[in-house]
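Beneath this line is the structure, given in structure tokens, with notes to follow.
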Amino acid sequence: MKDIIWKLLRQHISKSQLIGFAIANLIGLTIVLLAVQFYRDVRPVFNDEESFIRKDYLIITRAVTGAGAMMGNNGEFSDDDISDLEHQPWCRQVGRFLNSDFGIDAKLGVGSGHAMHTQFFFEAIPDEFIDIDPEQWGFSPTRPNVPVIISRDYLSLYNFGFASTQGMPRISEGQAEMIPLEFTFTGNGKRETMPGRLVGFSNRLNTVIVPEEFMEWANQRYGSGISMQPQRLVVEVSTPGDVKIEQYMDEHHYEVAGDKMSSSKANYFLTVISGIVIAVGVIISLLSFFVLMLSIYLLLQKNTRKLQDLLLLGYSPNQVSKHYILLVISLNACVLLLAIVLMLLGRMTYMDMIHAFGVSGAGIGVAILVGILIMGAITAGNIVAIRRKVNSLWLHEK
């Protein structure tokens, strides 16, 4: 009996309309999936993979000019400068760099029986700007041990500058973290020695960072007690790479450390372009949805008399509409599977270029999930429309 009902209802199905919907939806969905996957694969190329300070932070300083230096301008940020930054729409929060106000001498054990002495300096930023295990990052005067994060450039300078000319061994990052450190602090008539430990290297912090709680304690113990305005700020922004940020920095003669603005702009434009491509794909998918809905409405309209007869014979609206629903589900499932296959084929064409940047690419789970959600929404809309149409015929007969 089910086969008879389906044979009766499928007589007016237009294969060309269904194929047109399938092709249009396949194109739109493939564009969306490929854009999502491409964005996820390429984004690590533009992101600074820094494990200690998050990617949406900028480190800014005042630009140093010859006239300013001659007039004694040391590039400090005033409270008004910081307040103005905090009120910018793209700014989430501002952190101040806290400088050491006492003498520091560092002793690093390198190689068998070798040690290197140097004068040192410390800086600190609020802990919420540092992304590191709290067990490795902290300080207690009762158990003094100073954790530090240094610029990766310092290790390069040692390996390729100092070590090669002084007969010292070159060291890797892993070896450097095991080197014993010892700091001697002088000031306020005190001279004390504390052990230290290297907890990591940073690409974006061209300085030596210690916990803020240590710096406040040490400045009070060894420092002059004079409050100083910060010369550097760390700014959390909502949209790194936004043109308005660069305009603001230029207008106020601020400089962003490293090439963060360039990489952020590249990432920002990647996001915008990917968004445009995804929007185009979604629009095509929506248009194909309306094409299918039009085809179904025309099909139901042509079969109105047959549908009414089936309802009068005692068939429920669910029984009558089930065949059209199964048709839609099958068609959309095929489109989804083909779109995933095409996305994977398209991904294979650019992955060789991605691998050249040392990036392995992201997983495909998110792109597939996006496809399932889009097709799920389209299918749900089709089902609702079919049931409403059949129910309207049933209510009309009643």
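Keep in mind that what you see is a predicted model, and the values were worked out from it rather than measured.
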| remark: Residues at least two apart in sequence or cross-chain that pass side chain to side chain donor-acceptor pair (under 3.5 Å) with T61, listed by chain then number, are none
| Within-4.5 Å side-chain heavy-atom neighbours: V235 and L85 | yes
| Shortest non-hydrogen contact from D127 toward W137 | OD1-NE1, 3.4 Å
| query | Could you give the distance from OG1 (T379) to CG (L331), rounded to the nearest 0.5 Å? | reply | 9.0 Å
| task | Can you sort out the partners of Q88 under side chain to side chain contact (heavy atoms under 4.5 Å, CB included), two or more places apart, ordered by chain and number? | result | D84, W90, C91, Y248
| query | Does any donor atom in the side chain of D80 or S83 lie under 3.5 Å from an acceptor atom in the other side chain? | reply | no
| request: Quick one: which residue pairs count as a side-chain hydrogen bond (donor to acceptor under 3.5 Å, both in side chains) with a foot in residues 180-190, not counting sequence neighbours? | output: T184-T193
| remark: Closest non-hydrogen atoms of G138 and P211, given as atom of the first, atom of the second and distance, are N-CG, 3.9 Å
| field | Distance-minimising heavy-atom pair for I82 and P230 | value | CD1-CG, 4.0 Å
| query | So how far is it from I383 CD1 to N332 CG, rounded to the nearest 0.5 Å? | reply | 8.5 Å
| request: Provide the closest heavy-atom pair for L33 versus V370 in the form atom of the first, atom of the second, distance. | output: CD2-C, 4.4 Å
| field | Same cluster (ILVMFWY, side-chain, under 4.5 Å), M375 and V366 | value | yes
| task | Decide yes or no for I59 and V256: does some side-chain heavy atom of the first lie under 4.5 Å from some side-chain heavy atom of the second? | result | no
| task | Could I get the full list of salt bridge (charged side-chain N to carboxylate O under 4.0 Å, His left out) partners for D79, not counting sequence neighbours? | result | R96
| said: Does any part of the side chain of V210, heavy atoms only, come nearer than 4.5 Å to the side chain of F183, both counted from C-beta? | reply: no
| said: Set out, in order, the CA-CA distance, both residues' side-chain angles and the distance that settles salt bridge (Lys or Arg N to Asp or Glu O under 4.0 Å) for E192 and R221, then state yes or no. | reply: CA-CA 11 Å; E192 297 177 346; R221 184 174 180 82; 2.6 Å; yes
| note | Contacts of T349 meeting side chain to side chain donor-acceptor pair (under 3.5 Å) (sequence neighbours excluded), chain-then-number -> none
| request: Just jot down the side chain to side chain contact (heavy atoms under 4.5 Å, CB included) partners of P144, sequence neighbours excluded, or say none. | output: F139, M194
| note | Tracing side-chain contacts under 4.5 Å among Ile, Leu, Val, Met, Phe, Trp and Tyr outward from L369 reaches L373
| message | Within the structure provided, determine whether L34 and Y350 are in side-chain contact (heavy-atom separation under 4.5 Å). | response | yes
| Got I149 and V199 here, is their nearest side-chain heavy-atom distance under 4.5 Å? | yes
| field | From CG (D101) to CE (M215), nearest 0.5 Å | value | 10.0 Å
| said: Please report the interatomic distance CD(E86) to CD(Q93), rounded to the nearest 0.5 Å. | reply: 9.0 Å
| field | Trace of the ring-ring contact (aromatic ring centres under 6.0 Å, His included) decision for F185 with F214 | value | CA-CA 12 Å; F185 308 127; F214 164 77; 5.6 Å; yes
| remark: Smallest heavy-atom separation, F102 atom then G223 atom, equals CB-N, 4.4 Å
| For F121, ring pair (Phe, Tyr, Trp, His ring centres under 6.0 Å) partners two or more places apart | none
| field | Which residues share a ring pair (Phe, Tyr, Trp, His ring centres under 6.0 Å) with F77, sequence neighbours left out | value | Y254
| Is it the case that Q231 and E76 place a side-chain donor and acceptor less than 3.5 Å from each other? | no
| task | Using the side chain to side chain contact (heavy atoms under 4.5 Å, CB included) rule, take V234 and F97 through it: C-alpha gap first, then chi angles, then the decisive distance, then the call. | result | CA-CA 7 Å; V234 54; F97 275 79; 4.1 Å; yes
| request: Applying salt bridge (Lys or Arg N to Asp or Glu O under 4.0 Å), run through R232 and E123 and close with a yes or a no. | output: CA-CA 10 Å; R232 296 204 291 176; E123 285 187 295; 2.5 Å; yes
| said: Quick check on the hydrophobic clustering: are M351 and I368 connected, directly or via other members, by side-chain heavy-atom contacts under 4.5 Å? | reply: yes
| query | Roughly how far apart are T30 OG1 and L345 CG, rounded to 0.5 Å? | reply | 10.0 Å
| Point-to-point distance, once rounded to the nearest 0.5 Å, from CD of E216 to CD of E213 | 8.5 Å
| Side-chain touch R197/L181, heavy atoms, less than 4.5 angstrom | no
| Are F120 and D105 side-chain neighbours, meaning at least one heavy-atom pair lies under 4.5 Å? | no
| remark: residues 325-347 vs salt bridge (charged side-chain N to carboxylate O under 4.0 Å, His left out), sequence neighbours excluded, gives D41-R347
I'd like a table of donor-acceptor pairs (distance under 3.5 Å, sequence neighbours excluded) in which one partner is a side-chain atom from residues 335-344, with atom names and distances.
none

| task | Would you name the heavy atoms of I125 and E212 that are closest together and state the gap between them? | result | O-CB, 3.8 Å
| request: Sequence neighbours left out, what passes side chain to side chain donor-acceptor pair (under 3.5 Å) with N219? Give chain and number order. | output: none
| Is it true that atom CD of Q220 has more than 12 heavy atoms of other residues, nucleotides or ligands lying nearer than 6.0 Å? | no
